[in-house]
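Written below as structure tokens is the structure these notes are about.
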Amino acid sequence: MLDIRALRQDGEAIKTALSKRGYTLDLDAFASLDAKRKQADIRSQELQADRKKASKQVGELIKSGMAVEEAKAQVADTLQTIDAELDREVASAKAIQEDIREFLMGIPNVPQDAVPAGNDEDDNVEVRQWGTPKVLPFEPKDHVDVGEALDGGLDFERAAKLSGARFSVMSGGLARMHRALIDFMLDMHSDEHGYQEVYVPFLVGPEALRGTGQLPKFAEDLFKMEGERELYLIPTAEVPVTNLAADEILEADTMPRRYTCHTPCFRSEAGSHGRDTRGMIRQHQFEKVELVQMVRPEESDAALEALTGHAEAVLQKLDLPYRVVILCGGDLGFSSSKTYDIEVWLPSQQCYREISSCSNFQDYQSRRMQARWRNPETGKPELVHTLNGSALAVGRTLVAILENYQNEDGSVTVPEALRPYMRGLERLK
RNA sequence: GGAGGGGUGGCAGAGUGGCCGAAUGCACCGGUCUUGAAAACCGGCGACGGGAGACCGUCCGUGGGUUCAAAUCCCACCCCCUCCGCCA
């Protein structure tokens with residue numbers, strides 16, 4: 001959510017910045033809502049103040065010895081006049097406040113200056129490359145062919161029997177490698193990058209989803225539970241982990257907060273029919289190790305660079321070639337002010353595919369969820385900046401390993417860094 | 001599932017109809033003292049919205065209600081704790 005004061009003061013500048021992401025901010029609508037709000041606010045506050053004064057007067061009269069009924073009679077007329085108008089004014093003030101809140105909740109975050117202009121992923125700008133795309137001395141198979149050929153490997157048909165399209169079953173060595181990847185990533189972030197591992201609920205209420213920005217606009221992307229309680233399957237650990245700070249005031253000496261968390265993620269993929277239907281690139285259920293940070297505002301730019309580096313470190317240890325791109329305005333997520341995507345090399349597609357997304361949300365999420373810290377310089381609670389990134393999407397990491405580490409005989413070499421997590425196993429056959 | 005207790009400022013905790021946005025303690029900030037620090041003492045110190053400001057309004061888990069007046073009384077819901085039962 002944007003700061004309403006900023007919108008009043010710098011409406012035009014914000015509108016211009018938002019146009020970079022293809023969003024047209026209706027400043028006239030805002031101005032008229034805000035004017036209406038102010039009018040209703042002032043009027044209802046006057047009435048409330050008058051009413052309060054009259055009530056106090058009754059108390060004072062009684063105390064000075066007047067009979068209760070007599071004291072009430074003194075103000076009866078005033079109260080009657082006020083009451084006639086008050087209910088209406090308060091109700092309309094409330095309604096307009098709510099309208100403004102909904103209006104604000106529907107505006108995406110303002111892209112930073114560094115975000116390049118552009119409409120879609122084709123306009124994203126490469127920042128750096130790491131490693132050299134592997135050239136295999138044979139025709140590379142894609143991860144589906146590699147995985148299905150393994151002894152106990154990938155099985156999409158049985159997954160479909162259980163749950164339909166976009167699910168997978170893994171077994172044997174592949175299932176173990178999948179689990180090993182999670183362990184490997186969590187250990188790395190805890191031991192080397194200074195994150196605290198957390199375990200969180202996989203079902204959350206609507207308030208948490210409003211806090212991070214999935215609701216109210218993107219309900220169709222979520223799986224909603226049946227039952228008397230309104231609960232949703234999390235689409236990413238970002239939701240429960242970032243909301244740990246909701247409605248809290250963090251002490252400065254406990255910051256920055258850095259959390260790493262493994263969860264399954266559930267996405268309806270409502271808007272992506274026909275895209276990536278083959279294999280496990282785009283699934284309704286997948287595992288992800290997430291990094292989340294809550295930092296002082298002046299530290300968030302540097303924190304994004306560091307966090308992105310932490311995600312990159314996983315690929316470096318696994319020796320998987322990748323590149324980092326900065327998302328253009330049109331491709332930027334709703335709540336983000338700046339996002340780096342990390343894309344891993346897939347030999348079968350001869351291109352880089354997204355495996356991580358690292359974002360700085362600045363105070364956009366924290367304002368929605370009222371996540372604050374006590375600034376020692378001012379003594380006041382101020383909004384924190386939040387960031388997160390995948391480090392990494394586990395399923396896609398597995399895809400990248402299957403493709404980049406495949407051998408001509410159909411076996412898959414286990415990346416060296418992963419072997420300690422797989423009891424020394426060197427090959428999947 | 002049954003019985004009871006409870007949700008108040010950053011934390012702890014008082015407050016059972018008007019003088020309460022709220023005692024007190026801790027924490028925090030400023031000052032005195034001190035070579036410095038600690039201690040002691042003095043003062044300050046909730047959040048949000050509006051206003052140039054004086055100020056005004058809202059907020060005591062949430063939502064309704066009673067009343068001229070609600071943290072305080074009534075109703076519903078949510079959450080937490082204790083005991084019993086059940087259970088991975």
Side-chain angles (χ1 to χ4, degrees), chain A residues 1-9 30-105 199-208 210-211 225 227-231 240 243-255 257 294 296 363 366-384:
Chain A
M1 191 161 67
L2 301 186
D3 183 359
I4 191 165
R5 280 165 297 196
L7 215 48
R8 285 186 191 119
Q9 277 172 19
F30 172 71
S32 93
L33 270 177
D34 200 34
K36 261 202 269 177
R37 178 207 52 81
K38 191 166 169 180
Q39 201 189 354
D41 230 35
I42 288 174
R43 186 64 194 137
S44 72
Q45 284 188 16
E46 276 172 7
L47 290 166
Q48 285 177 97
D50 289 347
R51 198 171 203 296
K52 222 170 164 175
K53 233 176 269 168
S55 285
K56 280 225 161 115
Q57 211 184 327
V58 176
E60 279 158 23
L61 288 173
I62 293 170
K63 214 180 305 166
S64 69
M66 191 181 279
V68 175
E69 288 309 315
E70 199 180 332
K72 280 164 74 168
Q74 290 244 325
V75 297
D77 282 354
T78 321
L79 286 180
Q80 209 171 12
T81 318
I82 294 171
D83 281 348
E85 205 185 338
L86 187 62
D87 278 354
R88 193 160 31 88
E89 282 299 328
V90 169
S92 96
K94 248 189 183 170
I96 294 166
Q97 300 268 26
E98 195 43 47
D99 287 350
I100 287 183
R101 191 178 158 72
E102 283 306 308
F103 181 82
L104 291 175
M105 289 291 262
Y199 171 83
V200 294
F202 304 157
L203 291 168
V204 295
E207 272 317 303
R210 290 176 77 86
M225 296 292 102
E228 63 222 69
R229 283 218 273 163
E230 188 179 356
L231 286 171
N243 275 285
L244 289 173
D247 297 315
E248 306 224 358
I249 298 174
L250 309 180
E251 290 306 328
D253 59 10
T254 68
M255 293 173 67
R257 299 274 179 104
M294 295 127 196
R296 302 175 184 221
D363 61 10
S366 56
R367 183 171 294 105
R368 289 166 87 103
M369 67 176 73
Q370 286 299 300
R372 296 176 294 172
W373 67 299
R374 193 168 291 277
N375 185 343
E377 281 170 35
T378 61
K380 297 274 181 193
E382 297 172 12
L383 296 170
V384 301

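Just so we're on the same page: letters track the sequence lines, and every chain starts at 1.
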Complement of B:C11, any strand, by Watson-Crick or G-U distances under 3.5 angstrom: B:G25
Pairwise salt bridge (Lys or Arg N to Asp or Glu O under 4.0 Å) hits with a residue in residues 95-104 of chain A, at least two apart: A:E102-A:R210
Those residues of residues 47-55 of chain A lying under 4.0 Å from RNA chain B by at least one heavy atom: A:Q48, A:A49, A:R51, A:K52, A:S55
Partners meeting side-chain contact (heavy atoms from CB on, under 4.5 Å) with A:L61 (sequence neighbours left out): A:M66, A:A71, A:Q74
Distance in angstrom units between A:E46 CD and B:U58 C1', rounded: 16 Å
A:D247 CG to B:C11 P, straight-line distance once rounded to whole Å: 12 Å
N/O to N/O distances under 3.5 Å, protein versus nucleotides 50-54 of chain B:
unit_1	atom_1	unit_2	atom_2	d
B:G50	OP1	A:R8	NH1	2.3
B:G50	OP1	A:R8	NH2	3.0
B:G51	OP1	A:K38	NZ	2.9

P-based separation of B:A70 from B:U82 [nearest Å]: 36 Å
Expected list for residues 39-49 of chain A: side-chain donor-acceptor pairs under 3.5 angstrom, two or more places apart:
unit_1	atom_1	unit_2	atom_2	d
A:D41	OD1	A:Q97	NE2	3.4
A:R43	NE	A:E85	OE2	2.9
A:R43	NH1	A:E46	OE1	2.8
A:R43	NH2	A:E85	OE1	2.8
A:R43	NH2	A:E85	OE2	3.4
A:S44	OG	A:A40	O	3.1
A:S44	OG	A:D41	O	3.2
A:Q48	NE2	A:S44	O	3.2

A:Q74 CD - B:A69 C1' separation (whole Å): 16 Å
Integer-rounded Å distance: B:A47 P and A:R374 CZ: 7 Å
Same-atom distance (C1') from B:G25 to B:G13, integer angstrom: 8 Å
Residues A:L86, A:D50; criterion side chain to side chain contact (heavy atoms under 4.5 Å, CB included); working and verdict: CA-CA 10 Å; A:L86 187 62; A:D50 289 347; over 6 Å; no
B:C73 to B:G17 separation - C1' atoms, rounded to the nearest Å: 8 Å
Mate of B:A3 where both pairing distances stay under 3.5 Å, Watson-Crick or G-U: B:U82
Set of side-chain contact (heavy atoms from CB on, under 4.5 Å) partners for A:A76, sequence neighbours left out: none
Interatomic distance, A:E89 CD vs B:U58 P [rounded to whole Å]: 15 Å
Which residues share a side-chain contact (heavy atoms from CB on, under 4.5 Å) with A:P376, sequence neighbours left out: A:A252, A:W373
Contact check, side chains of A:L7 and A:L104, non-hydrogen atoms, under 4.5 Å: yes
Rounded distance in Å between the C1' positions of B:A76 and B:G10: 32 Å
Of A:K72 and A:Q370, the one whose closest RNA chain B nucleotide lies more 5': A:Q370
Under the salt bridge (charged side-chain N to carboxylate O under 4.0 Å, His left out) test, residues paired with A:R296 that sit two or more places apart: none
Same-atom distance (C1') from B:C42 to B:A47, integer angstrom: 27 Å
Pair partner, B:C41 [Watson-Crick or wobble, under 3.5 Å]: B:G31
Base-pairing assignment for B:G46 (Watson-Crick or G-U wobble, both under 3.5 Å): B:C59
Contacts of A:D363 that satisfy salt bridge (charged side-chain N to carboxylate O under 4.0 Å, His left out) - sequence neighbours left out: A:R367
Sugar-phosphate, base or nothing in reach of A:R372, heavy atoms under 4.0 Å: sugar-phosphate
Along RNA chain B (nearest heavy atom to each residue), the more 5'-positioned of A:K380 and A:P376: A:P376
Short side-chain to backbone donor-acceptor contact, A:S366 and A:V384, under 3.5 Å: yes
Length of the line joining A:E382:CD and B:G46:P, which is rounded to integer Å: 16 Å
Span that lies between the P atom of B:G6 and that of B:U72, in whole angstrom: 15 Å
Whole-Å gap separating P (B:G10) and CD (A:E251): 10 Å
Side-chain donor or acceptor of A:N375 paired with backbone N/O of A:E382 under 3.5 Å: no
Complementary nucleotide for B:A54 - Watson-Crick or wobble, under 3.5 Å: none
Nearest-Å distance for atom pair NZ/C1', residues A:K56 and B:G17: 14 Å
Sugar-phosphate, base or nothing in reach of A:V58, heavy atoms under 4.0 Å: base
Nucleotide opposite B:C73 in a Watson-Crick or G-U pair, distances under 3.5 Å: B:G65
Nearest-angstrom distance, P atom, B:A52 to B:C33: 42 Å
B:G46 to B:G21 separation - C1' atoms, rounded to the nearest Å: 9 Å
